[in-house]
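Beneath this line is the structure, given in structure tokens, with notes to follow.
Note that ligands are numbered from 1 as they come in the structure, with each ligand's atoms numbered from 1 the same way. FYI, the numbering just counts along the sequence from 1.
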Amino acid sequence: MTPASDLRSWIALLEREGELVRVSTEVDPKLEITEITDRTVKAGGPALLFENPMGSSHPLLINQFGTERRMCMAFDVERLDDVAAKLEDVLEMQPPQGLVDKVRGLKKLKSIADSLPQTKRSGPAQEVVLTGDEVDLGALPIQTCWPGDAAPFITLPAVITKDPRTGTRNVGMYRMQVLDRATTAMHWQIHKDGRADYLATDGRIEVAAALGLDPVTTYAASAPLPKHIDELMLAGFLRGEPVQLVKGKTVDLDVPANAEIVLEGYIDKDELTAEGPFGDHTGFYTAAEPFPVFHVTAVTMREDAIYPSIVVGKPPAEDAWLGKATERIFLPAVKMTVPEIVDYDLPVAGAFHNCCIVSIRKAFPGHAKKVMHAIWGLGMLSLTKAVVVVDQHVNVHDYEEVFFYVGANVDPGRDVLISEGPLDHLDHAPTHQFFGGKLGIDATAKGPDEGTRPWPEEIEMNEEIRALVDRRWEEYGIGIETDATNGAMRHISRPLRHLLRR
Ligand SMILES: Cc1cc2nc3c(=O)[nH]c(=O)nc-3n(C[C@H](O)[C@H](O)[C@H](O)COP(=O)(O)O)c2cc1C
Ligand SMILES: [Mn+2]
């Protein structure tokens, strides 16, 4: 089996698996859908297909990614780490030794070659073509998510551009505030590739926003790939089959052939508008700021197109699992650069940029600090505000356990590093937007070469007695279930446990 190839087969799969509920009652895309969805997400509930959003003839799909199970179903894997393993296999490729190795190597290379998108002559995304005065974004059930939002926002688009210098494609997920029938704002934050493409134009850049894709391609739009790597290639690699494209009707861009909806158009470099406020994934409203204006020259659609949406807000929200997917999928790439890293965790409550917990195989004095600097120098992880480093045996996903070592192993005078660097566009805490303080906490055990007194031994029961008590547990008649290895999860609050269980 391979992952779903378009939004409709994905919906069908979710429905077969009891992971989707159709809501036929008429509901308002203004605020009401947010409240329904937020309650459903926080309860670990199903994907929702609103069949009758008020004021639109298009159904609205939301919460397709809201649980770990659905995120795994999206990639057709048992665990998100299995997706990472597939990438690791290619990243870790060594020069082949014998014939068997060569054949295996060729297969891997072929899987990369097969990942390249293919352009076809036609596709369902263009069954309906609306241009000129026929363009009306008001026909779509675009949500106004939170009471303080400036307008309705398109929240789950895959925005396609080409670097004007190299022609390399970029796909990113950037919210789009509806301005009128045929224009939106484009929320290209300063660290993003989409913005770099835009800044590289002399005058005008063509843009296409694809809505309603197969789940892997939607995910890929949110993936923090290096600038020169096409997100559609990652999508093809992870799907095991290339993304199919068709030529845009009014732009010189290829667009996903199976999209439910495509908005084609252009952005002029010097045309800016006030974008926001918008209730963001930080849990706060982002204030209005100038962003470019997207002019829609064509809307192409499938017949009876389904509009996809997502609500972000105070975590945990649906984007938690998109973020967790990135955390897992990018672990092999992180390890390629910093091989002493064993594992890392970006807590959902930290909105992904506020905190990174990382475990390392510590080998020399100051090693934890080396890793902090490495994180602060690594792709989008460079925006991380606080880095906590623990030893390899600590489970970074178990926050109680991490907190234990942060408390027990840290001398704040010696183990806390205050640095500075770039911060997330949306971080409202720093005095200056985009730039401010960084916090590093070295919670590893310190060796004598780090100027400490002899480090005490940690308390552990020996294996022999553990095994004995496991064997005899029933005999004692205490009447409760225990698990010697997995006690710590019990302390974690319910919603988090829900998000974290893996
Ligand atoms: C639901 C969702 C909404 C997002 N909204 C924005 C946004 O409005 N602006 C932005 O710059 N990034 C946003 N992101 C993050 C980008 O999609 C992500 O950083 C991606 O890697 C950008 O692609 P790029 O590096 O090719 O520009 C969002 C991510 C998700 C999951
Ligand atoms: Mn990119």
Sub-4.0 Å atoms of ligand 1 with respect to non-hydrogen atoms of [X]:
X      : result
Pro224 : 21 (O)
Asn170 : 24 (P), 26 (O), 27 (O)
Ile310 : 1 (C)

Protein residue, atom and distance nearest to [atom], heavy-atom basis:
atom                    : value
atom 24 (P) of ligand 1 : Tyr174 OH, 3.4 Å
atom 5 (N) of ligand 1  : Met173 O, 3.5 Å
atom 9 (N) of ligand 1  : His187 O, 2.7 Å
atom 25 (O) of ligand 1 : Asp193 OD2, 3.3 Å
atom 18 (C) of ligand 1 : Ser222 O, 3.6 Å

Taking every non-hydrogen atom, the tightest pair across Asn63 and Pro46: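 Smallest heavy-atom distance, with atoms named: ND2-O, 2.8 Å.
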
Near the Mn ion (ligand 2), meaning under 2.8 Å, how many protein N/O/S atoms are there?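 Count of protein N, O, S atoms less than 2.8 Å from the Mn ion (ligand 2): 3.
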
Measuring from atom 12 (N) of ligand 1, which candidate in Glu318, Arg175, Lys192 has the nearest non-hydrogen atom?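 Considering heavy atoms of Glu318, Arg175, Lys192, the nearest to atom 12 (N) of ligand 1 sits in Lys192.
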
Could you check whether Tyr399 and Asp345, counting side-chain N and O atoms only, form a donor-acceptor pair closer than 3.5 Å?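 Yes.
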
